[in-house]
J.: 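Sharing a structure here in structure tokens format.
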Amino acid sequence: MTTTSTTSEEPWVVEGEGFSSRIGGKLLVHCFVVMFLGFIGGFVWLIALADNVLHLFPIPSLDIEVPDTPEQKELLRNAHTGPIMNSTYVMVMVLLSKRLNFSMRQAKWFFYAAIVTLWGNTIGYSFAVYAPERGLQPVGDWQNLISYFTFYAAVVGAVITTGLCLKQAIGLAKAPA
């Protein structure tokens, strides 16, 4: 079994196995933390759908103020589903890294771009709930600007990760039988 690395203590890629256990594990930690934050977003969305009431039997009902305009409810849903979808995407790519056969350089690019994608989208979705422009343009208050620039970074990360995976998949598809 050969490893590809700049240092002997931490390989990025193990030939025939994809990401090394340590690098894949680090990326999966980010995935699970972001997924957990998506669950919290879903919990807040649930409270908004229940007209700002949290009722967990047998605890008495609690009135909790969360953003509850129709548009904010949609954005809360995004703060729930977006991080979960991004986490799932990166988890699948970690599992597929064995098939995609990344070089060390590609693995590094994928690793860092995936982290930017995960956190950029999570932060963007969270701040968009409070931004009148929803982070769609670089204008307005600080919440909107944070949302916009983190979404922008996430898009760049997603293009890099998807592009690397596509390049490797095309190479596999063109390989002789």
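Predicted model only: the values in this text are computed from it and were never measured.
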J.: Please check if the side chain of T81 supplies one atom and the backbone of R77 the other of a donor-acceptor pair under 3.5 Å.
T.: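 Looks like yes, one N/O pair under 3.5 Å.
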J.: Using the rule that two of Ile, Leu, Val, Met, Phe, Trp, Tyr join whenever any of their side-chain heavy atoms come within less than 4.5 Å, decide whether F102 and L166 are in one cluster.
T.: no
J.: Which atom pair, heavy atoms only, marks the closest approach of C31 to V90?
T.: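 So the two residues come closest at SG-CG1, 3.4 Å.
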J.: Which heavy atom of Q168 sits nearest to which heavy atom of L100, and what is that distance?
T.: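 Heavy atoms of Q168 and L100 come nearest at NE2-O, 2.9 Å.
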J.: Closer than 3.5 angstrom, by distance alone: can the side chain of N101 be matched with the main-chain N or O of G16 as a donor-acceptor pair?
T.: no
J.: Treating N86 as the side-chain partner and G82 as the backbone partner, does any N or O pair qualify as donor plus acceptor under 3.5 Å?
T.: yes
J.: How close do A131 and Q143 get, counting heavy atoms only, and between which atoms?
T.: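 What the structure gives for the nearest pair is CB-C, 4.0 Å.
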J.: Less than 6.0 Å separating the ring centroids of F111 and W12?
T.: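 That pair passes the under 6.0 Å test.
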J.: Side chains of T162 and Y89: do they bring a donor and an acceptor to under 3.5 Å?
T.: yes
J.: Are any non-hydrogen side-chain atoms of L54 and F43 less than 4.5 angstrom apart?
T.: yes
J.: Treating T122 as the side-chain partner and V34 as the backbone partner, does any N or O pair qualify as donor plus acceptor under 3.5 Å?
T.: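 Here the side-chain-to-backbone pair does not exist.
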J.: Mind checking whether F19 and F110 have parallel, tilted or perpendicular rings, split at 30° and 60°?
T.: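 Aromatic pair F19/F110 classed tilted.
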J.: Would you say the ring centroid of Y148 lies under 6.0 angstrom from that of F127?
T.: no
J.: Taking S97 for the side chain and V94 for the main chain, is one N or O donor matched with an acceptor at less than 3.5 Å?
T.: yes
J.: Going hydrophobic residue to hydrophobic residue with side-chain gaps under 4.5 angstrom, can you get from M85 over to W45?
T.: no
J.: Report yes if some heavy atom in the side chain of F151 is under 4.5 Å from a heavy atom in the side chain of N121; otherwise report no.
T.: yes
J.: Identify the two heavy atoms, one from T161 and one from A114, that lie closest to each other, and give their separation to 0.1 Å.
T.: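 Scanning both residues completely, I find the closest heavy atoms to be CG2-N, 3.5 Å.
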J.: For atom NZ of K73, decide whether the heavy atoms of other residues, nucleotides or ligands shown that lie under 6.0 angstrom number more than 12.
T.: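 Enclosed: over 12 neighbouring heavy atoms sit under 6.0 Å from NZ of K73.
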J.: Determine whether a donor-acceptor pair (N or O, by modelled atom type, separation under 3.5 Å) exists between the side chain of H80 and the backbone of G41.
T.: no
J.: Are V33 and V92 joined in one hydrophobic group, where the rule is that I, L, V, M, F, W and Y side chains link up if heavy atoms are under 4.5 Å apart?
T.: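 In one cluster: yes.
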J.: Quick one: closest heavy-atom pair of D141 and Y130, and the distance?
T.: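 Scanning both residues, the minimum pair turns out to be OD2-O, 4.3 Å.
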J.: Do you know which two heavy atoms are closest between S147 and G124, and how far apart they sit?
T.: OG-O, 2.9 Å
